[in-house]
Amino acid sequence: MQRTRYPPSNLLHVVHHVDYMAPPPERGTFKFDKYQLVMVALRESGAAMTEHAPDPCPREWLEAVHDPSYVEEVFTQTVPHEKERRIGFPVTPHIASRVRHTNGGTWLAAQLATKHGYAANSAAGSHHALHDTGAGYCVFNDLAVAANRLIAEGDATRILIVDLDVHQGDGTASLTAGCEDIFTLSLHADKNFPVRKARSTLDVALPDGVDDDGYMDTLSRHLPLIIDDFDPSLILYQAGVDPHADDRLGRLNLTDEGLTIRDRFTVREARKRGIPIASALGGGYGNDQRIVADRHARSMLAMADENARWPHTQNNALPKAVGR
Ligand SMILES: [Zn+2]
């Protein structure tokens, strides 16, 4: 078994693309500022990091998961107004290019995680996107698209998708239903969006106002058992920061410290078993986008720091190479 250590100069491997930014939409309340501000916060933190630019996601990868006619609507910017209303913003040429890059970004983060133990996509986690439409600020479901492609290519045998965004990962659950090599875990606020929940492999619905201790009690009761039973070769982590007490769309009561404990725990449970883990940004909402961006940046830096505590083995990372 080959064992590789990476120097601290490559602490955080983060995927980012200029197209992650988009001009403010003409309709809707969604703000794209945070994607730039996250990178500003990371760069200003002085932490060692390497930035990686993703290629646009090939159309076929999207069509393997989404209805090809919906993919066509996005690519030609002919998404019906009704679907755009569900998404929350109009699908312009920039958005069409953006979502191809954010989807390619999660796939790239997974590839980088197999090399370095952990890597982050600085956008995406678009867990509400469904088969034939987007929803809830999500256009294409990068988690389902990447998981599907990684398994199809033999880059992973089984993938666990851990979704700790405060909203249920309904799109991911429905797009991966029946895939025995994908396990979806969603821990979410029961009374939050979406009103009609889908069925994940395991859903843990939390009551309003759960605090740091209550949250960690629940997460630590489920996550280690799932990893041991399902034995994933890769974990995709939707690391939304919207369980924070100050989040505009959350209903839980986590502190900054609570989010850090959550993120370190999730990475530790993966890495102590030699499993690579890639994160997607997920939700985070507030009037001051800098505060939200700082929350996301702290989350990624905490995960990179936790990852650095665990030596990276190539064993689980490259199942093909060792004949698994
Ligand atoms: Zn959310």
Side-chain angles (χ1 to χ4, degrees), residues 57 61-67 70-71 74 83 86-88 99-100 102-110 113 120-121 123-152 155-156 158-190 192-206 219 222-223 226-227 230 232-243 249-250 262 266 270 277-284:
C57 185
W61 298 14
L62 299 163
E63 290 176 340
V65 166
H66 290 284
D67 181 347
Y70 170 56
V71 176
V74 173
K83 289 187 189 178
R86 268 190 94 168
I87 293 167
V99 296
R100 290 188 66 191
T102 56
N103 276 255
T106 297
W107 179 87
L108 178 57
N121 187 5
S126 303
H127 60 170
H128 299 307
L130 298 158
H131 183 62
D132 61 356
T133 183
Y137 306 140
C138 303
V139 178
F140 293 137
N141 193 313
D142 57 292
L143 300 162
V145 168
N148 179 73
R149 191 66 201 174
L150 290 159
I151 286 172
D155 291 323
R158 283 176 305 286
I159 294 180
L160 168 62
I161 301 177
V162 177
D163 189 332
L164 301 186
D165 190 281
V166 81
H167 304 98
Q168 195 215 19
D170 58 334
T172 318
S174 72
L175 289 171
T176 61
C179 301
E180 289 190 351
D181 34 22
I182 299 175
F183 189 113
T184 50
L185 165 67
S186 178
L187 221 78
H188 50 265
D190 193 23
N192 220 325
F193 178 92
V195 176
R196 244 182 314 149
K197 309 281 191 284
R199 185 177 296 189
S200 311
T201 317
L202 181 67
D203 285 299
V204 183
L206 301 166
L219 182 61
H222 293 289
L223 185 61
I226 291 170
I227 299 178
F230 184 66
S233 56
L234 173 75
I235 294 177
L236 296 179
Y237 175 29
Q238 209 277 22
V241 295
D242 46 13
L249 301 182
R262 174 197 76 163
T266 303
I277 177 166
S279 66
L281 200 74

Evaluate the criterion side-chain contact (heavy atoms from CB on, under 4.5 Å) for residue pair I235 and I227; output intermediate values, then yes/no.
CA-CA 9 Å; I235 294 177; I227 299 178; 3.9 Å; yes
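- Looking at every heavy atom in both residues, A147 comes nearest to I182 through CB-CD1, 3.8 Å.
- Heavy atoms only, all atoms of each residue included: P243 and G240 are closest at CD-O, 3.4 Å.
- Here the straight-line distance linking atom CG of D203 with atom OG1 of T184 works out to 7.0 Å at 0.5 Å rounding.
- Within the 3.5 Å criterion, the main-chain N or O of L108 finds no donor-acceptor partner in the side chain of N121.
- Taking 4.5 Å as the limit, every side-chain heavy atom of L249 sits out of range of all side-chain heavy atoms of V166.
- A pairwise comparison of heavy atoms in A280 and G125 identifies CB-N, 3.4 Å as the closest pair.
- R100 places a side-chain N or O within 3.5 Å of a backbone atom of C57 that can act as its donor or acceptor partner.
- Between atom CG of residue L175 and atom CG of residue N141 there is a gap of 5.0 Å, rounded to the nearest 0.5 Å.
- Of the N and O atoms on the side chains of D142 and T102, not one donor lies less than 3.5 Å from an acceptor on the other residue.
- Going from atom CG of L185 over to atom CD of Q238 covers 11.5 Å, rounded to the nearest 0.5 Å.
- Using cut-offs of 30° and 60° on the angle between ring planes, the pair F140 and H66 is tilted.
- Going from atom CD1 of I226 over to atom OG1 of T201 covers 8.5 Å, rounded to the nearest 0.5 Å.
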Give the intermediate values and the outcome of side-chain contact (heavy atoms from CB on, under 4.5 Å) for residues L223 and L160.
CA-CA 10 Å; L223 185 61; L160 168 62; 4.2 Å; yes
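- Atoms CG and CG, on L219 and L187 in that order, are 6.0 Å from each other to the nearest 0.5 Å.
- Among the candidates Q168, H167, H188, the single residue satisfying the side chain to side chain contact (heavy atoms under 4.5 Å, CB included) test with F193 is H167.
- A pairwise comparison of heavy atoms in I277 and A113 identifies O-CB, 3.4 Å as the closest pair.
- Between I159 and F230, the shortest heavy-atom distance links the atoms O-CE2, 3.5 Å.
- Within the 3.5 Å criterion, the main-chain N or O of V65 finds a donor-acceptor partner in the side chain of H131.
- Taking NZ from K197 and OG from S174, the interatomic distance works out to 14.0 Å, rounded to the nearest 0.5 Å.
- Residues G169 and S186 share a closest heavy-atom pair of N-OG, 3.3 Å.
- D132 places no side-chain N or O within donor-acceptor distance of the main-chain N or O of D67, the cut-off being under 3.5 Å.
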Walk me through it: do T106 and V145 pass the test side-chain contact (heavy atoms from CB on, under 4.5 Å)?
CA-CA 9 Å; T106 297; V145 168; over 6 Å; no
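- Checked against K83 for a side chain to side chain contact (heavy atoms under 4.5 Å, CB included), the options L130, V139, T133 give a single hit: T133.
- Checking side-chain atoms of Y237 against main-chain N and O of L164 turns up no donor-acceptor pair under 3.5 Å.
- Between the side chain of N148 and the backbone N or O of A144 there is no donor-acceptor pair closer than 3.5 Å.
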